[in-house]
S.K.: 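Here it is, the structure, as C-alpha cells.
Residues take their numbers from the sequence shown, with the count starting at 1. Everything quoted here is computed from the prediction, not taken from an experiment.
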Amino acid sequence: MNTPEIFEVLKRVKWSSFHSWWQFHNLFAVFGGSLAEASRRWIKRRNARLAQNWPSVDGRVQKTNVAKGTRFYGSARNPTASFTYSYSVQEGSETNYYTGDFSRTFPGEDRAWEWLWTLKDKKIRVHVHPDKPEVSAVLAGDLDAHFPLPVRTPEDLVFARPEIYTQ
C-alpha cells in the first residue's frame, strides 16, 4: 500500500471520539482520583516530617466537629473528626494570633466524638514554620502522646497505626 491508498482507507473509517474513548473514561477518572489521593497523602507525610523540626508553641482546641462518612463510588467512608485550633506567636514586641485545622478518621462516629471530647478546650502542641508563623501543623504523634484513646476493639487497632494519622 502506498501513501495515497492509506489515506483513502482512513477516510472511509468513521472516526468518532466517543466510540474510541468511551471505554477509557472510567479508567481515567479512577486513575486521576487515585493519583490525586496519593499526592495528597505524600504531601501530608512530607509536611509532617518537616514540621517535626519546627519550633512549637502552645495552642488551644477551639471548635470541634465530626463529618459523617459519605459514599464515594459505592464505598463507605469512615467518619472524620476535625477541630480548629488557635495559637499565638510573639514577633518582636507584637503578639499575633493564628488558627489552623486538624482532622483524623475513626472507625465510628461515637469514637470520633469521644476523642474530640478529650481535646475540647485543652492545650496542644502546635509546630510553627520558623519563617512563616501563619503556617502551622499539629502532629498526630503529639496528640496521641497526651490524649490517647483507649483501644476497645480489633478495628480500633487497625486505626491506631501511626502512618494513617500523619498530618
S.K.: For side chain to side chain donor-acceptor pair (under 3.5 Å), just list the numbers for S86 and Q62, CA-CA rounded to whole Å, side-chain angles, deciding distance to a tenth of an Å, and then say yes or no.
M.R.: CA-CA 7 Å; S86 62; Q62 300 292 325; 2.9 Å; yes

S.K.: Taking C-beta and beyond as the side chain, do W113 and D110 meet within less than 4.5 Å on heavy atoms?
M.R.: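 They are not in contact (no side-chain heavy atoms under 4.5 Å apart), so the answer is no.
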
S.K.: For R60 and I124, work out which heavy atoms get closest and say how close.
M.R.: N-CG1, 4.4 Å

S.K.: When you look at CD of E94, are more than 12 heavy atoms from neighbouring residues, nucleotides or ligands closer to it than 6.0 Å?
M.R.: no

S.K.: Going only through I, L, V, M, F, W and Y residues with side-chain contacts under 4.5 Å, is there a path from W54 to V89?
M.R.: no

S.K.: Nearest 0.5 Å, what's the OG1-CG distance between T84 and D101?
M.R.: 4.5 Å

S.K.: Quick check: do L50 and N53 have side-chain heavy atoms less than 4.5 Å from each other?
M.R.: no

S.K.: If you compare all heavy atoms of P79 against all heavy atoms of V66, which two are closest, and at what distance to 0.1 Å?
M.R.: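 That would be CB-CG1, 4.0 Å.
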
S.K.: Working to the nearest 0.5 angstrom, can you tell me the gap between E114 CD and L119 CG?
M.R.: 11.5 Å

S.K.: In chain order, what residues pass the salt bridge (Lys or Arg N to Asp or Glu O under 4.0 Å) check against K122, with sequence neighbours excluded?
M.R.: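 Salt bridge (Lys or Arg N to Asp or Glu O under 4.0 Å) check on K122 returns nothing, list empty.
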
S.K.: Would you indicate whether the side-chain heavy atoms of L143 and F83 approach each other to under 4.5 Å?
M.R.: yes

S.K.: Can you tell me how far the CZ atom of R41 sits from the CD atom of E37, to the nearest 0.5 Å?
M.R.: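 Reported value, rounded in 0.5 Å steps: 4.5 Å.
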
S.K.: Considering non-hydrogen atoms only, spot the tightest contact between K132 and V128 and give its length.
M.R.: O-CG1, 4.5 Å

S.K.: Closest heavy-atom contact between Y85 and A137?
M.R.: OH-N, 3.9 Å

S.K.: When you check the side-chain N and O atoms of H127 and D142, is any donor under 3.5 Å from an acceptor?
M.R.: yes

S.K.: Does one side chain, of N65 or S82, offer a donor that lies under 3.5 Å from an acceptor on the other?
M.R.: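 The answer is no; no qualifying pair exists.
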
S.K.: Cluster question for you: counting only ILVMFWY and a side-chain heavy-atom cut-off of under 4.5 Å, with indirect links fine, are V57 and V135 together?
M.R.: no

S.K.: Would you say K120 has more than 12 foreign heavy atoms packed within less than 6.0 Å of its NZ?
M.R.: yes

S.K.: Which heavy-atom pair separates P133 from Y87 by the least distance, and what is that distance?
M.R.: O-OH, 2.7 Å

S.K.: Answer yes if the side chains of T95 and Q90 hold a donor-acceptor pair under 3.5 Å, and no otherwise.
M.R.: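 Looking only at side-chain atoms, Q90 and T95 do form a donor-acceptor pair, the distance falling under 3.5 Å.
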
S.K.: When Ile, Leu, Val, Met, Phe, Trp and Tyr are grouped by side-chain heavy atoms lying under 4.5 Å apart, directly or through other members, which residues fall in the same group as W42?
M.R.: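 Via sub-4.5 Å side-chain contacts, W42 links to I43.
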
S.K.: Between R104 and W115, which heavy-atom pair has the shortest distance, and what is it?
M.R.: NH1-CZ2, 3.3 Å

